[in-house]
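The next block holds one structure in the form of structure tokens; read it before the comments.
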Amino acid sequence: MSVIISLPDGSKREYPAAISALNVAMDISPRLADAALAAEIDGKMCDIGTIIDHDSELVIHTFKTPQGQELYWHSTAHLMAQAVKQLWPEVKVTIGPAIEQGFYYDFDRDEPFTEDDLAKIEERMKELSAQDLPYSRRELSKAEAISIFDKMNESYKIEILSEIPDDQVISTYTQGDFIDLCRGPHIPSTGKIKAIKLLKSSGAYWRGDEKNKMLKRIYGISFPSNKELKEYLAFLEEAAKRDHRKLGKDLDLFSINDEVGPGLVLWHPNGAMIRHLIETYWKDTHLRNGYKLIYTPHVGRSNLWQTSGHLGFYKENMYAKMDVEGQDYYIKPMNCPFHLSIYNANHHSYRELPIRLAELGTVYRYERSGVLHGLMRVRGFTQDDAHIICTPEQVSDEVEKLIVFSLDMLKSFGFKEFMIYLSTKPEAAVGEDADWEMATNSLKASLNKLGLEFSVDEGGGAFYGPKIDIKIKDAIGRAWQCTTIQFDFNLPERFDMQYIGADNQAHRPYMIHRAVLGSVERFFATLLEYHGGNLPLWLAPVQMMIMPITDAQLDYARALQEKMLARGLRCEIDTRSEKIGYKIRDAEMKKIPYMCIIGKKEAEEESLTLRRHTQGDLGSMSFEDAITKINSEL
RNA sequence: GCUCAAGUAGCUCAGUAGGUAGAGCACAUCCUUGGUAAGGAUGAGGUCACCGGUUCAAAUCCGGUCUUGAGCUCCA
């Protein structure tokens, strides 16, 4: 009985009898066999040693495929657990999955793992890797599994087992003296894990629930070669340099201080200038795209929040009420109720729709202290908020415009890669099914029409409507939400919003709630990290520094500055009595895009010498040539 | 909010058998007027996060509070 195996490149191989995936890999090339970590047989992930006894499609996974990496890191997590159990037998193991970059394992241990502990564990892992222990799979019944882990006093494993259906086949993986409950598959042996680095330890709740016990988590990463590990560590180092908190301090952009309060941002002049430029651009773009700008108060009476429902479902995130002449007021965590109040101030005809109300609205939310993070998570922030109120017929057109509008705006700040998510109806939701369907479909249809790739988060929508989120990555690959486009079936109802249709009847409009940048603070942070502090010329707070070689050129420098300012360039002069090298170094470190150096020669010729940050000397030229050159970059 | 770690000059950091603080950069003044990433001298600058305790004596040891960081959880 022969076995025909189809490979991803479309080729087929025939074998006279059943054969292991590893042997097929060997047959293709010994190098592949060496790199092989697991097999995907007819779409199912299996150990590389799995015997194939019928015609199948086979994919061999190595560290080069995402699935291969995942297994590799998962197996490394097992290796780490083995090392920990050998060093501290009393520690209980819980779970240890692979994550996007590496793996972690949660342990139940009273004392935290110290730096020294991590080093010890890493050392032991290397020893175990050198022993090249095979990961061997064993299938057994639930009862058998329970008895094994019960003997080892691994109560967390018992808890996991107790939740698995009785008839399901349970598998364990053993390497050396370590046995773990695991679905698998795993890499063939510990020897494949060549380079290991344990990165940090921290606390984590059992099953992510803060009512449960706090476990001790260790994060790590591993690679098939030291070279790859080194590259990864270098990447982390590079990323740290781009951290917006560091750049914010170095470039004197913003600060957050204890006296003022955590999560509340102070914008210094340089940061404020960048923010001003972002906001001005934002307003212009919105006006050009049919939005109306509005302004609304920072506080509002409690009945407003009663109507909106925020006091019911959002109270935990709101600051405590304040008393104003016996009335309760709240500082706003959202802009929507104000925007809707503006809509409701007048009667509206279907002829006016869509109405697009936009505001850079500053909101305050009480965030738990542990979640604050630079400008990314703060307690007071400005949403680039807008509400689009339209008729059912206008919905898909509006959604499509909105997606294009959002992506265009993000692109104009230099961003190129986005992750798009579509979130659909959750279990508990308000609104008619027909509305949900119509809204979700128009979101999906628009994304498809625009040829955009997106992932669907089934049931991930807000209770009041489906949404599209666009995320941007920060320096170390963490994704942060910027754009959110959300349907809202809740507030139009609660605020009894209406428009008069062609039939002279009152109708309920559709409402889309959206933010493109998300919040100015978060966007500013991602922008800064994305550009590593080297902002595009149009966003640089100081675009040019004029540097006279000696004091003799000061007058010429001032005249030049005036001419630059008149042409709209943000330009300053370094008048300090320092050498040119010193001034240049200073301007380079402040990441000022253009340096304009003038000495005796330039003053006599009425010319200037330009230098571009990150590029160096551009040579001497006339004032007009310099302006032309600079303008070409704007 | 929880776990762990940390908080010393504007910034980056030294400072443990407890004995009332130190460097570099930045800043000020003076000298120097020097052509593409740090010229020299002098000086000023600190309630060692805050509150309490132990001690003859606390940046240092103990307790509490605040803040920051890494996570958990949550979100723009």
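Below, each value reflects all heavy atoms present in this structure, side chains not excepted, and no hydrogens, waters or symmetry copies. Below, read A as the first sequence line, B as the second, and so on, with proteins coming before strands; counting in each chain starts at 1.
Remark: the separation of the P atoms in B:G39 and B:G24 is 16 Å, to the nearest Å.
On a pure distance criterion of 3.5 Å, a polar donor-acceptor pair joins the side chain of A:Arg522 and the base of B:C75.
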Distance-only check: which donor-acceptor pairs under 3.5 Å involve side-chain atoms of residues 335-342 of chain A, not counting sequence neighbours?
unit_1, atom_1, unit_2, atom_2, d
A:Asn335, OD1, A:Lys332, NZ, 2.9
A:Asn335, ND2, A:Gln383, OE1, 3.3
A:Asn335, ND2, A:Asp385, OD2, 2.8
A:His339, ND1, A:His387, ND1, 2.8
A:His339, NE2, A:Glu359, OE1, 2.8
A:Ser341, OG, A:Pro337, O, 2.7

Dot-bracket pairing map - RNA chain B, Watson-Crick plus G-U, both contacts under 3.5 Å, | cross-strand: (((((((..((((.....[..)))).(((((.......))))).....(((((..]....))))))))))))....

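More than 12 heavy atoms of other residues, nucleotides or ligands sit less than 6.0 Å from atom CD of A:Glu111.
In this structure, a donor-acceptor pair under 3.5 Å is present between the side chains of A:Lys92 and A:Ser155. For A:Tyr314 and A:Ser308, the side-chain atoms include no donor-acceptor pair closer than 3.5 Å. Residues A:Ser622 and A:Ser607 have side chains that never bring a donor and an acceptor to within less than 3.5 angstrom of each other.
With distances taken from any side-chain atom of A:Ser519 to the nucleotides B:U73, B:C72, B:A76, the minimum falls on B:A76.
For the pair A:Thr550 and A:Met214, both in contact range of RNA chain B, the more 5′-proximal nearest nucleotide belongs to A:Met214. Positionally, the nearest nucleotide of RNA chain B for A:Gly374 lies more toward the 5' end than for the other of A:Gly374 and A:Arg217.
Nucleic acid contact for A:Gly208: sugar-phosphate only, since backbone atoms but no base atoms lie under 4.0 Å from a heavy atom of the residue. Among the atoms of the strands shown, only primed sugar atoms or phosphate atoms (P, OP1, OP2) are found under 4.0 Å from some heavy atom of A:Leu372. Nucleic acid contact class of A:Gly518 (heavy atoms, under 4.0 Å, all strands): sugar-phosphate only.
You'll find the side chain of A:Asp488 stays beyond 4.5 Å of the side chain of A:Ile512, heavy atoms only.
Stacking is not found between A:Tyr219 and the pyrimidine-like six-membered ring of the B:G71 base under the 5.5 Å centre-distance and 30° plane-angle cut-offs.
Residues A:Glu238 and A:Lys241 are paired through a salt bridge, judged by an N-O separation under 4.0 Å between the basic side chain and the carboxylate.
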Contact pattern, 5' to 3', of nucleotides 36-41 of chain B - B, S or - by protein heavy atom under 4.0 Å: BBBB--

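Rounded to an integer number of Å, the gap from A:Arg379 CZ to B:C75 C1' is 13 Å.
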